Every structure is written in C-alpha cells, then in structure tokens.
Amino acid sequence: MQISMSNNISSQQNQLNTQSNSKPDRPQGPPPAGSTPPGLEKAVSSLSEEQQADISSMLSALSPQQHESLKLTLDELKPMSETLSKADMGEVFLTTLTEITNSSTQNETGSTIDIYA
C-alpha cells in the first residue's frame with residue numbers, strides 16, 4: 001500500500017511540473033505591419049474609429065528605425081500602464097506614435113539637400 005501511494009504522489013508531482021512549465025502559445029517576432037502591438041488592443045479599441053484608423057495607417061507606414069523607437073518607448077512606459085485606464089493608455093499610445101512619426105518626418109525633411117539652390 002505504501003509503495004503505491006508514493007508512486008501516485010510522484011506521478012501527480014510530475015503532472016504538476018509539466019503543467020506549470022508549459023507556456024502559452026505566442027506569436028514569434030513583431031506583429032504584422034499596421035496591427036496594434038500586443039497588450040494594447042483594448043486600449044486602442046477605447047479610442048474613436050478615426051483615431052484607430054490613424055493608428056493603423058501610422059503603424060503600417062513605420063520604418064524599421066521608427067518601429068524600434070516605438071518599441072523602446074513603449075517598454076519605458078510599461079510601468080506606468082498599471083495606473084492608467086484603458087482610454088488613457090490608448091491616448092498615450094496615439095500621442096507617442098504620432099510624435100515618433102512626426103519627428104522622423106521632420107528629420108527626413110530637415111536633412112534634404114537642395115542641389116538647385
């Protein structure tokens with residue numbers, strides 16, 4: 001009797017260990033162009049349809065450098081996300097994305113050389 005109980009306990013512990021080690025399936029790599037970064041879907045859905053469309057078009061037009069800049073900025077803002085409402089997070093995301101898009105556009109415009117001057 002005692003041996004069968006210890007075998008049952010061992011098999012139950014093994015089941016628990018394998019269950020706790022399994023990770024949820026997550027897509028690998030960055031989200032597709034134009035899609036909202038993971039974790040911000042509810043925040044973006046709290047915005048108006050026009051703002052959501054703006055976000056989608058800005059995200060799809062990001063250069064690799066802008067995409068990296070957005071990722072770094074969002075990583076810095078992560079600790080703040082726990083204290084913000086979904087609507088506030090959506091507004092912060094839209095503002096951040098707009099700033100990144102506009103600053104890059106200004107940099108590209110400012111670095112253009114007029115060879116006809």
Side-chain angles (χ1 to χ4, degrees):
M1 280 293 207
Q2 201 169 21
I3 295 172
S4 67
M5 279 189 189
S6 65
N7 285 344
N8 285 341
I9 292 172
S10 294
S11 68
Q12 287 174 351
Q13 286 176 340
N14 285 342
Q15 280 182 329
L16 288 175
N17 288 340
T18 57
Q19 289 174 355
S20 65
N21 289 338
S22 63
K23 295 180 182 176
D25 292 334
R26 293 192 176 145
Q28 297 296 317
S35 67
T36 304
L40 289 172
E41 295 90 350
K42 289 182 181 178
V44 170
S45 68
S46 71
L47 300 173
S48 72
E49 287 185 24
E50 183 180 337
Q51 290 172 317
Q52 291 178 38
D54 290 344
I55 286 173
S56 182
S57 65
M58 283 189 280
L59 284 171
S60 61
L62 286 178
S63 70
Q65 294 84 7
Q66 289 172 316
H67 193 270
E68 187 61 29
S69 177
L70 178 63
K71 182 182 180 314
L72 292 172
T73 304
L74 291 177
D75 287 345
E76 290 174 5
L77 294 173
K78 235 180 227 183
M80 222 174 68
S81 67
E82 295 176 11
T83 59
L84 295 175
S85 68
K86 296 294 180 195
D88 289 340
M89 283 184 1
E91 290 291 336
V92 168
F93 177 63
L94 176 59
T95 302
T96 302
L97 182 58
T98 303
E99 288 174 0
I100 288 172
T101 303
N102 289 341
S103 70
S104 178
T105 303
Q106 289 172 358
N107 287 343
E108 289 173 7
T109 304
S111 64
T112 304
I113 300 172
D114 186 4
I115 59 172
Y116 297 107

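Computed from a predicted model, the values in this text were never measured in an experiment.
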Could you give the distance from CG (Asp88) to CE (Met80), rounded to the nearest 0.5 Å? 9.0 Å

Quick one: does any side-chain atom of Ser69 pair with a main-chain N or O of Gln65 as donor and acceptor, under 3.5 Å? no

Roughly how far, to the nearest 0.5 Å, is the CD atom of Glu91 from the OG1 atom of Thr96? 11.0 Å

Name all residues meeting the salt bridge (charged side-chain N to carboxylate O under 4.0 Å, His left out) criterion together with Lys86; count only those two or more places apart in sequence or in a different chain, and write none if there are none. none

Please test Leu97 against Leu62 for side-chain contact (heavy atoms from CB on, under 4.5 Å), starting from the C-alpha separation and ending with a verdict. CA-CA 9 Å; Leu97 182 58; Leu62 286 178; 4.1 Å; yes

Ignoring hydrogens, what is the shortest heavy-atom contact between Ile100 and Leu70? Give both atom names and the distance. CD1-CA, 3.4 Å

Measure across Leu74 and Pro37 and return the closest heavy-atom pair with its distance rounded to 0.1 Å. CD1-CG, 4.2 Å

For the residue pair Lys78 and Ser81, what are the closest heavy atoms and their distance? O-OG, 2.6 Å

Which atom of Leu47 lies closest to which atom of Gln52, heavy atoms considered: O-NE2, 2.8 Å

Distance (rounded to the nearest 0.5 Å) between Ile55 CD1 and Ser45 OG: 10.0 Å

Identify the two heavy atoms, one from Thr36 and one from Glu41, that lie closest to each other, and give their separation to 0.1 Å. CG2-N, 3.9 Å

Quick check: closest heavy atoms across Ala87 and Ser46, and the distance to 0.1 Å? CA-OG, 3.2 Å

Which salt bridge (charged side-chain N to carboxylate O under 4.0 Å, His left out) pairs, counting each pair once, include a residue from residues 56-65, with sequence neighbours left out? none

Would you check, one step at a time, whether the test side-chain contact (heavy atoms from CB on, under 4.5 Å) holds for Leu94 with Met58? CA-CA 10 Å; Leu94 176 59; Met58 283 189 280; 3.7 Å; yes

Atom CZ in Phe93, atom CG in Leu59: separation rounded to 0.5 Å? 4.5 Å

